[in-house]
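Okay, so here's the structure we're looking at.
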Number of protein chains: 2
Amino acid sequence: MTSMTAARTTSPADRPRLGLRERKKIKTREAIRTATYALIKEQGYDATTIEQIADRAEVSPSTVFRYFPAKEDIVLTDESDPVLLEKLRARPVDEPWPDTIRHVMREAVRTGVEQDPEVARLRTRLMVQVPAVRSRMMESMSVTGRMLCTAIAERTGRDPDSLEVRVYAMSLVGGLMETSLYWAENGHRDDFAALVDRTLDILQHGLPRENR
Amino acid sequence: MTSMTAARTTSPADRPRLGLRERKKIKTREAIRTATYALIKEQGYDATTIEQIADRAEVSPSTVFRYFPAKEDIVLTDESDPVLLEKLRARPVDEPWPDTIRHVMREAVRTGVEQDPEVARLRTRLMVQVPAVRSRMMESMSVTGRMLCTAIAERTGRDPDSLEVRVYAMSLVGGLMETSLYWAENGHRDDFAALVDRTLDILQHGLPRENR
DNA sequence: TCCATTTTGAGAGCTACTCTCATTTCGTGG
DNA sequence: CCACGAAATGAGAGTAGCTCTCAAAATGGA
């Protein structure tokens, strides 16, 4: 969905060619996000206004809204879906689907959390504390769900719009969402990857024993 | 969560005793909701302002907010959770859990949809069309999820706060949410109860056959 | 009928978000 | 190197959801 206007210059020599404009845009984006994280850490989410964010990022409020459609989006920004889809596609086609999911999720978690633990924790904490952020996260999760539908459909030759596929995908996504909340609510003490593993077990086999 | 101040008068003769005050409150609540439904049908959700709602319901905007914390809540209003919990508790304790869920969900769907199909359809349609409503619905679904945790914990002697129970509950809730969306997106053509049945099958057994 | 409590209305105020339009900044082709 | 077209930015006004406060009205019990 982001502007696909990559610089298509003929010479391969000038590689980092994004154009001054593009680079500046990326910088602005990051400036806004950095400012937001800092302010939220200082004063909390609600007390942080767009105006403050704009001030600290040294842009106008208009610009903030131009980059992020809503305040919650500043802290969320999920560009991970396409990456995930690619990784799903990269798995061998004969691999059983649950194994594929497990593999890819594990990897996604690792790169996601280990790369910037600070941000991962802040995000999940905000998910727990701020309803608006949680809502937004759920929205973005449902987008991820649609993407999963595509992947599942490709892999298993089903209709991505069928009830079965959609329900399966959303239950997965819902479960993983809850895992994130659980992680944050328990002060990020657990190893997130391990939690995800347990989650996938449950989704695969249901509640273990007892009365089922 | 709603006011549990049922009239506990001694005499059984004066049954509908809720006090004029309580009854008026209920009336106001319904007036606001009715006005909202009507206006949304006429102009759509976004075009309908709180002021218009207040006008048509013949109350002040302040009052609208006093009755409903947010605009989306006017169309949602899920008082069903306690009822659901009760029904879950009413099932025989030795019944396998999946059967219990199926039973109760079926019944909930029946009473919910068949009682007022108009509203059920409007609600689900809005869930599809209006992000704010969808978000709110997801929020309320997660409340339902917590309730489910309680029920599951009671039934199976687990910790309601354990990851396992929570994930299981949320995947259930997520799946059912998706079912509602599916129903609405397909123009409410399917029999909702049948969809729910299929949903529970998937959640119980995973995607049928193929590559799993 | 009068008093205490509850409910309501009016209004001010805050903030997220939208839209428009003038200004600035950048990339390019002459 | 400059000028021109396109894109990004800023400024400002406007809307609507939502909160808070306080005074007025409705209600129920004594």
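Letters go in sequence order (proteins before strands), and every chain restarts at 1. These numbers were taken from a predicted model, which means no experiment stands behind them.
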**Report entry** A/Arg66: salt bridge (Lys or Arg N to Asp or Glu O under 4.0 Å) partners, not counting sequence neighbours
**Finding:** none
Query raised in the report: With a 4.0 Å cut-off, would you call B/Lys27 and B/Glu22 a salt bridge?
Result: no
Requested in this report: Calculate the interatomic distance between B/Ile32 atom CD1 and D/dG17 atom C1'; express it in whole Å.
Outcome: 15 Å
Report task. Quick one: list whatever passes salt bridge (Lys or Arg N to Asp or Glu O under 4.0 Å) with B/Arg123, sequence neighbours left out. Result -> B/Asp78
Query raised in the report: Which pairs with one or both residues in residues 125-139 of chain A pass side chain to side chain donor-acceptor pair (under 3.5 Å), sequence neighbours excluded?
Result: A/Asp73-A/Arg136, A/Arg134-B/Glu139, A/Glu139-B/Arg134
Report task. Would you please name every residue forming a ring pair (Phe, Tyr, Trp, His ring centres under 6.0 Å) with A/His103, sequence neighbours left out? Result -> none
Query - B/Glu72 CD - D/dA16 P separation (whole Å) - result: 16 Å
Query raised in the report: By salt bridge (Lys or Arg N to Asp or Glu O under 4.0 Å), which residues pair with A/Asp190, not counting sequence neighbours?
Result: none
**Report entry** B/Thr199: partners by side-chain hydrogen bond (donor to acceptor under 3.5 Å, both in side chains), with sequence neighbours left out
**Finding:** B/Thr179
Report summary line: Ranking A/Glu58 and B/Phe68 by the position along DNA chain D of their nearest nucleotide, the one closer to 5' is A/Glu58
Query raised in the report: Within this structure, what is the CG-to-P distance between A/Asp55 and D/dA11, rounded to whole angstrom?
Result: 10 Å
Report summary line: Hits for side-chain hydrogen bond (donor to acceptor under 3.5 Å, both in side chains) against A/Lys41, two or more places apart or cross-chain, chain-then-number order -> A/Glu118
Query raised in the report: Any side-chain donor-acceptor pair under 3.5 Å between A/Arg110 and A/Gln115?
Result: no
Query raised in the report: Checking salt bridge (Lys or Arg N to Asp or Glu O under 4.0 Å) for the pair B/Arg198/B/Asp191: CA distance, chi angles, key distance, verdict?
Result: CA-CA 11 Å; B/Arg198 282 165 66 191; B/Asp191 173 32; over 6 Å; no
Query raised in the report: Given the rule in the salt bridge (Lys or Arg N to Asp or Glu O under 4.0 Å) test, do B/Arg166 and A/Glu185 qualify, once you have shown the distances and angles that lead to the verdict?
Result: CA-CA 12 Å; B/Arg166 288 182 55 177; A/Glu185 279 174 25; 2.9 Å; yes
Report task. Please determine if B/Arg102 and B/Asp201 form a salt bridge, counting it only when a charged side-chain N lies under 4.0 Å from a carboxylate O. Result -> yes
Query raised in the report: So does B/Lys71 get a side-chain nitrogen or oxygen closer than 4.0 Å to the phosphate oxygens (OP1/OP2) of D/dC18?
Result: no
Query raised in the report: At under 4.0 Å between heavy atoms, what does B/Tyr67 touch on the DNA or RNA strands: base, sugar-phosphate, or nothing?
Result: sugar-phosphate
Query - Members of residues 123-143 of chain A that approach DNA chain D, where some heavy atom sits under 4.0 Å away - result: none
Query raised in the report: Between atom CZ in A/Phe65 and atom P in D/dT15, what is the gap in whole Å?
Result: 17 Å
Query raised in the report: Within less than 4.0 Å of OP1 or OP2 of D/dA11, is there a side-chain N or O belonging to A/Ser60?
Result: no
Query - Contact residues, residues 36-54 of chain A to DNA chain C [heavy atom, < 4.0 Å] - result: A/Thr48, A/Thr49, A/Ile50
Report summary line: Bounded by its outermost nucleotides with an atom under 4.0 Å from a heavy atom of chain B, the footprint on DNA chain C reads C/dT5 to C/dG11
Query raised in the report: Among all residues two or more places apart in sequence or in another chain, which pass the ring pair (Phe, Tyr, Trp, His ring centres under 6.0 Å) test with B/Phe192?
Result: B/Trp183
Report summary line: 5' to 3', nucleotides 20-30 of chain D under a 4.0 Å protein heavy-atom cut-off (B base, S sugar-phosphate only, - none) gives ------BBS--
